[in-house]
Amino acid sequence: QVQLVESGGGLVQAGASLRLSCAVSGDRFDSYHIAWFRQAQGQERSMVAVITSSGSTNYADSVKGRFTIERDSATKTGHLQMNSLKPEDTAVYYCAVRRSYLGYSGRSSDYGSWGQGTQVTVSS
């Protein structure tokens with residue numbers, strides 16, 4: 001059973017940067033696609049970014065050019081580098097993994113393993 005632990009959230013001002021991390025326990029890290037989702041208060045959970053097991057990436061339009069998703073096989077950790085943060089980025093951020101043989105997906109319902117979430121708050 002894979003377990004995910006997120007870290008790195010916090011309260012920042014608009015224009016600042018944060019780096020979220022997602023530690024993935026268990027083996028076969030390289031067999032997972034890793035995704036970051038976010039859920040603002042009163043809204044549905046939505047995809048932020050996905051990195052496949054082969055390193056391909058995909059981003060929500062709202063974060064393109066500001067956020068970068070990465071993965072580190074040596075430490076079995078996924079990262080989300082968030083630059084030029086805006087108040088509308090305020091949300092709880094979750095990492096999730098999906099076995100690569102299941103194919104790529106940007107839908108939260110297709111991910112079976114989730115972290116506990118980390119709060120990101122951006123003040124104006």
All salt bridge (Lys or Arg N to Asp or Glu O under 4.0 Å) counterparts of E70, not counting sequence neighbours =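 Residues passing salt bridge (Lys or Arg N to Asp or Glu O under 4.0 Å) with E70: R19.
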Only counting residues at least two apart or in another chain, list the ones meeting salt bridge (Lys or Arg N to Asp or Glu O under 4.0 Å) with D110.
->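 In terms of salt bridge (Lys or Arg N to Asp or Glu O under 4.0 Å), with neighbours along the sequence ignored, D110 is linked to R107.
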Carboxylate-amine/guanidinium contact K64 D61, below 4.0 Å |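 A salt bridge links K64 with D61.
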Where the side chain of S25 meets the backbone of Q3, is there a donor-acceptor pair that is under 3.5 Å apart?
->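 Judged by distance alone, yes, a pair lies under 3.5 Å.
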Which pair of heavy atoms, one from V12 and one from S17, lies closest together, and at what distance?
->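 Closest pair (atom of V12, atom of S17, distance): CG1-O, 4.4 Å.
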W36 versus G78, closest heavy-atom pair with distance |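 The pair with the smallest heavy-atom distance is CZ2-O, 4.1 Å.
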For [X], give me all partners under side chain to side chain contact (heavy atoms under 4.5 Å, CB included), at least two apart in sequence or on another chain.
X   : result
A14 : P87, V122
A40 : Q43, A91
V5  : Q116

Fellow cluster residues of Y101, listed by chain then number, with links counted only when side-chain atoms sit under 4.5 Å apart |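 Members alongside Y101: L102.
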State whether F29 and R71 meet the cation-pi test: NZ (Lys) or CZ (Arg) under 6.0 Å from the six-membered ring centroid, and within 45° of the perpendicular axis.
->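 Yes, a cation-pi geometry holds between R71 and F29.
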Strictly under 6.0 Å, is that where the ring centroids of Y94 and Y111 end up?
->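 No, too far apart.
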Are M82 and L20 close enough that some pair of their side-chain heavy atoms sits under 4.5 Å apart?
->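 Heavy-atom side-chain distance check passes, below 4.5 Å.
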